[in-house]
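Working notes, structure below.
None of the values given here were measured: they were computed from a predicted structure.
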Amino acid sequence: MGSGEKGSEKKKKGMEKSDEGPAPEDAHKCCGCRFPLLIAVLQLLLGLAVTAVAFLMLALSPSLLARETPYWAGIILCLVSILGFILCCITYHPDERNFMQFIAKLLYFALCMIGLVISVLVIAFAGHHHAQVSSVNFHCQQAGEDCVCTLDQDDPIARTFTYEGVSDCEVITGTLALYFLLQIVLNLTQALVCAVSAFIMWKHRYQVFFVGLHIVSPSSQQWQKV
């Protein structure tokens, strides 16, 4: 009789552990990592890299436009990564039980989508300017402390670009073109990271809907004694 009671008690404890489900720490993990720690780190590194390259471009020529030096895109992504770190540090609760956490996750999803759109815009601007600077007909000549470049020197009405504070025009066709190419690569990676983070957030946070409480009859949890 004693062994039968011990066996039933062990069985009951095993059933209770299985009903509890996964631990909160395990439930908050995604692909072996605590989401969104890995993505937040990537977003922070990419944001810092984009901002650093943009300020290097401004150092070459202060006359470059804001769309050609996308430091604002890097700063926005750094803010998104900070929100990701906040989501990683707070204790996980179901959305219907913690309104502030739900708002934070919704804001993180929205900022990731905004970051994706901004990255695509930066890729378009940088790709267009890189194609112009790398063109065979792109010709530059020194004009005092500035560098004046034209898309086609044989065309009298061709578009002219003036890069102020550039003492060597080789910087425009060499270093600046390399920076534009680097911005394309960084922002392409940044767009992919934002797309993946938004997809994972949508799949693991918003694809599950609260449908009510599941009530179990007390009689179904009674155990038969041996």
Side-chain angles (χ1 to χ4, degrees), residues 36 38-85 108 110-199:
L38 179 60
I39 293 179
V41 171
L42 289 176
Q43 288 175 336
L44 180 61
L45 294 177
L46 289 172
L48 292 175
V50 170
T51 305
V53 174
F55 282 116
L56 288 176
M57 297 170 69
L58 277 175
L60 290 180
S61 178
S63 62
L64 290 174
L65 301 177
R67 66 171 180 263
E68 298 165 349
T69 55
Y71 57 88
W72 39 272
I75 294 175
I76 291 175
L77 198 66
C78 289
L79 296 178
V80 177
S81 67
I82 292 175
L83 183 57
F85 285 122
Y108 181 76
L111 289 177
C112 285
M113 296 303 298
I114 294 174
L116 173 61
V117 175
I118 290 176
S119 298
V120 172
L121 290 177
V122 173
I123 292 172
F125 288 131
H128 176 68
H129 206 143
H130 181 267
Q132 291 180 339
V133 174
S134 303
S135 176
V136 179
N137 297 325
F138 193 77
H139 179 72
C140 298
Q141 60 182 2
Q142 200 69 36
E145 296 182 355
D146 302 334
C147 182
V148 180
C149 303
T150 56
L151 292 177
D152 189 358
Q153 58 179 349
D154 296 331
D155 189 358
I157 60 173
R159 187 177 179 182
T160 302
F161 302 91
T162 301
Y163 298 94
E164 300 176 357
V166 179
S167 58
D168 186 7
C169 289
E170 293 294 332
V171 174
I172 302 300
T173 57
T175 307
L176 187 61
L178 179 61
Y179 283 160
F180 278 125
L181 184 60
L182 188 58
Q183 285 286 7
I184 294 174
V185 174
L186 289 175
N187 281 276
L188 179 60
T189 308
Q190 177 174 294
L192 293 176
V193 172
C194 287
V196 170
S197 59
F199 172 75

| request: Quick one: pull up OG1 in Thr175 and CD in Glu170 and give me the separation to the nearest 0.5 Å. | output: 9.5 Å
| request: Apply side chain to side chain contact (heavy atoms under 4.5 Å, CB included) to Leu77 and Val50, showing your working. | output: CA-CA 9 Å; Leu77 198 66; Val50 170; over 6 Å; no
| field | Parallel, tilted or perpendicular: rings of Phe55 and Tyr71 (30°, 60°) | value | parallel
| Verdict with reasoning, Ile118 to Trp72, per side chain to side chain contact (heavy atoms under 4.5 Å, CB included) | CA-CA 9 Å; Ile118 290 176; Trp72 39 272; 3.3 Å; yes
| Looking only at atom types and distance, does a side-chain atom of Ser63 sit under 3.5 Å from a main-chain N or O of Glu164, one as donor and one as acceptor? | yes
| message | Please report the interatomic distance CG(Leu178) to CG(Leu56), rounded to the nearest 0.5 Å. | response | 11.0 Å
| query | Do Leu64 and Leu176 come close enough that some side-chain heavy atom pair is under 4.5 Å? | reply | yes
| Should the SG-SG distance of Cys169 and Cys140 be recorded as below 2.5 Å? | no
| request: Taking Asp146 for its side chain and Gly165 for its backbone only, find out whether a donor-acceptor pair lies under 3.5 Å. | output: yes
| Can you find a heavy atom in the side chain of Ser81 that is under 4.5 Å from one in the side chain of Val41? | no
| query | So, Gln142 side chain and Gly144 main chain: donor-acceptor pair closer than 3.5 Å or not? | reply | yes
| message | Using 0.5 Å steps for rounding, measure from the CG atom of Asn137 to the CG atom of Leu151. | response | 8.5 Å
| query | Mind checking whether Leu60 and Val166 have side chains closer than 4.5 Å, heavy atoms only? | reply | no
| Any pair counted as side-chain hydrogen bond (donor to acceptor under 3.5 Å, both in side chains), so long as it reaches residues 110-119, sequence neighbours left out | Ser119-Gln190
| task | Mind checking the CG-CG spacing from Leu116 to Leu111? Nearest 0.5 Å is all I need. | result | 12.5 Å
| task | Would you sort out whether Arg159 and Thr150 count as a side chain to side chain contact (heavy atoms under 4.5 Å, CB included), showing the intermediate values? | result | CA-CA 6 Å; Arg159 187 177 179 182; Thr150 56; over 6 Å; no
| said: Measuring from atom CZ of Phe125 to atom CD of Glu68, what distance do you get when rounded to the nearest 0.5 angstrom? | reply: 9.5 Å
| field | Interatomic spacing from CZ in Phe180 to NE2 in His129 - rounded to 0.5 Å | value | 4.0 Å
| Is there side-chain contact between Phe85 and Leu44, with at least one heavy-atom pair below 4.5 Å? | yes
| What pair of heavy atoms forms the shortest contact from Met113 to Ala198, and how long is it? | SD-CB, 3.6 Å
| query | Mind checking whether Ser197 and Gln43 have side chains closer than 4.5 Å, heavy atoms only? | reply | yes
